2 protein chains.
Amino acid sequence: METKAPPPLASGPCRCQQRIRRTLDLIANKWAVPVILELSRAKGPLRFTALARAIAGITQKELTKQLRELEGAGLVTRHVYAVVPPKVEYALTPLGASLKPVLDALAGWASDHGDRIAANEAAFSGVPT
Amino acid sequence: METKAPPPLASGPCRCQQRIRRTLDLIANKWAVPVILELSRAKGPLRFTALARAIAGITQKELTKQLRELEGAGLVTRHVYAVVPPKVEYALTPLGASLKPVLDALAGWASDHGDRIAANEAAFSGVPT
DNA sequence: CGGAATCCCTTACGATACTG
DNA sequence: CAGTATCGTAAGGGATTCCG
C-alpha cells in the first residue's frame with residue numbers, strides 16, 4: 001500500500017546516485033587512492049618504478065591496470081620517453097588533483113569515525129549471542 | 001566469512017591511506033551509497049521491502065548483505081518486530097547520517113567532473129591508435 | 001515479510017614469467 | 001625499465017528457492 005505518494009522517481013530515487021557510483025567505481029579500485037595520493041604527494045611526475053616502490057604491496061600488473069584506468073579517466077597523464085632504458089613518467093592532471101579535496105573529506109570522516117567503526121565491526125563479529 | 005582477514009596494508013608512508021581505504025571499502029560496495037542515501041532521504045525507519053522497492057535493481061540478497069555490513073559498521077540500526085507478519089525496520093544511526101556530507105562532497109565532485117570523465121573514458125576507449 | 005541457502009557466472013586480485 | 005601474458009584463487013553479484 002502506498003502510504004505516501006510515491007515521488008516521481010523514474011527508475012530510481014535520483015540520478016545523482018549513478019554519478020556517485022560512477023565516481024566511486026573509479027576510486028574504489030583498491031589501489032586507486034594510494035596511487036592518486038602518492039602522485040599528489042610527489043607534486044611532480046613519477047616513474048613507474050618509483051611509484052611501484054612508493055606503494056608497498058602493489059604488483060606491476062595492478063599498478064599498470066590502475067594507471068591505465070586513471071589515465072583513461074583523465075586523472076593521470078602518461079609521458080613516455082623514447083630513450084634506451086625505457087622511461088615513463090606519470091603525473092596527476094588538474095582533474096586528478098581536484099579529487100584530492102574529496103579524498104581529504106573522506107579521510108577526515110575516516111579519521112573522525114574510523115575507530116568507532118572498527119570497534120563496531122569488532123563487536124558485531126564477536127558478539128556472543 | 002567470520003574473521004575478516006586483516007589485510008597487511010602497509011602501503012605508503014602514511015597511515016591515513018589505510019583509513020581512507022577502510023572507509024572506501026565500506027561505501028564502495030555498489031549498493032551501500034544508494035542504501036544510505038535512501039535511508040537518509042526517508043528521515044525515518046524503512047522496512048526491508050520499502051527499501052528494496054526504493055532502490056531499483058537491487059536483489060534481496062544484496063540488500064541483506066549490504067544492510068548487515070552497514071549494521072556491523074554501526075551506520076544502520078536494525079529493529080525487528082516480533083509480529084506475525086515479520087516486520088523489520090532499518091534506520092540510519094547518527095554515525096551513518098554523518099556520512100552524508102562526505103557523500104555530498106563526492107556527489108559534488110561527480111557532478112562537476114562526471115561529464116568530462118565520461119568523455120575522457122569514451123575517447124580513451126574509442127581512440128583507434 | 002524477511003532473509004537464509006544454493007547455484008553459477010563474472011570480475012578483481014595476486015604471483016610468476018617473459019619481452020621490447 | 002616498463003610493461004604484457006598466463007595462471008589460479010577469491011570475492012562480487014544476479015537469480016531462484018525454501019524456511020521462520
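Note on naming: letters A, B, ... go to the chains in the order of the sequence lines (proteins, then strands), and numbering restarts at 1 for each one. Please read all numbers here as calculations on a predicted model, not as lab measurements.
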Residue-level proximity of residues 76-93 of chain B to DNA chain C when a heavy atom falls under 4.0 Å: B:Arg78, B:Pro86, B:Val88, B:Tyr90
Closest listed nucleotide, where the reference is the side chain of B:Gln60 and the choices are D:dT16, D:dG3, C:dG2: D:dT16
d(CZ, A:Arg68; P, C:dC13) in whole Å: 17 Å
Plane angle bin for A:His79 and A:Tyr81 - parallel if under 30°, tilted between 30 and 60°, otherwise perpendicular: parallel
A:Lys87 atom NZ, over 12 foreign heavy atoms within 6.0 Å: yes
side-chain contact (heavy atoms from CB on, under 4.5 Å) against B:Ser111, all qualifying residues, sequence neighbours excluded: none
Nucleotide nearest B:Lys30 when distance is taken to its side chain, options D:dA2, D:dG13, D:dT4: D:dG13
Qualifying residue for side chain to side chain donor-acceptor pair (under 3.5 Å) with A:Tyr90, from A:Glu38, A:Glu71, A:Arg47, A:Arg78: A:Arg78
Residue B:Thr64, side-chain heavy atoms: nucleotide from D:dA2, C:dC13, C:dA4 that is nearest: C:dA4
Short side-chain N/O contact to C:dG2 OP1/OP2 from B:Arg53, under 4.0 Å: no
Options D:dA2, C:dC13, D:dG13, nucleotide nearest the side-chain atoms of A:Lys65: C:dC13
Side chain B:Trp31, main chain B:Leu67, donor-acceptor under 3.5 Å: no
OP1 or OP2 of C:dG2 under 4.0 Å from side-chain N/O of B:Thr49: yes
Ion pair check, B:Asp115 and A:Arg19, cut-off under 4.0 Å: yes
Length of the CG-P vector between B:Leu51 and C:dG3, whole Å: 10 Å
Value in whole Å for how far the C1' atom of C:dC1 lies from NZ of B:Lys61: 20 Å
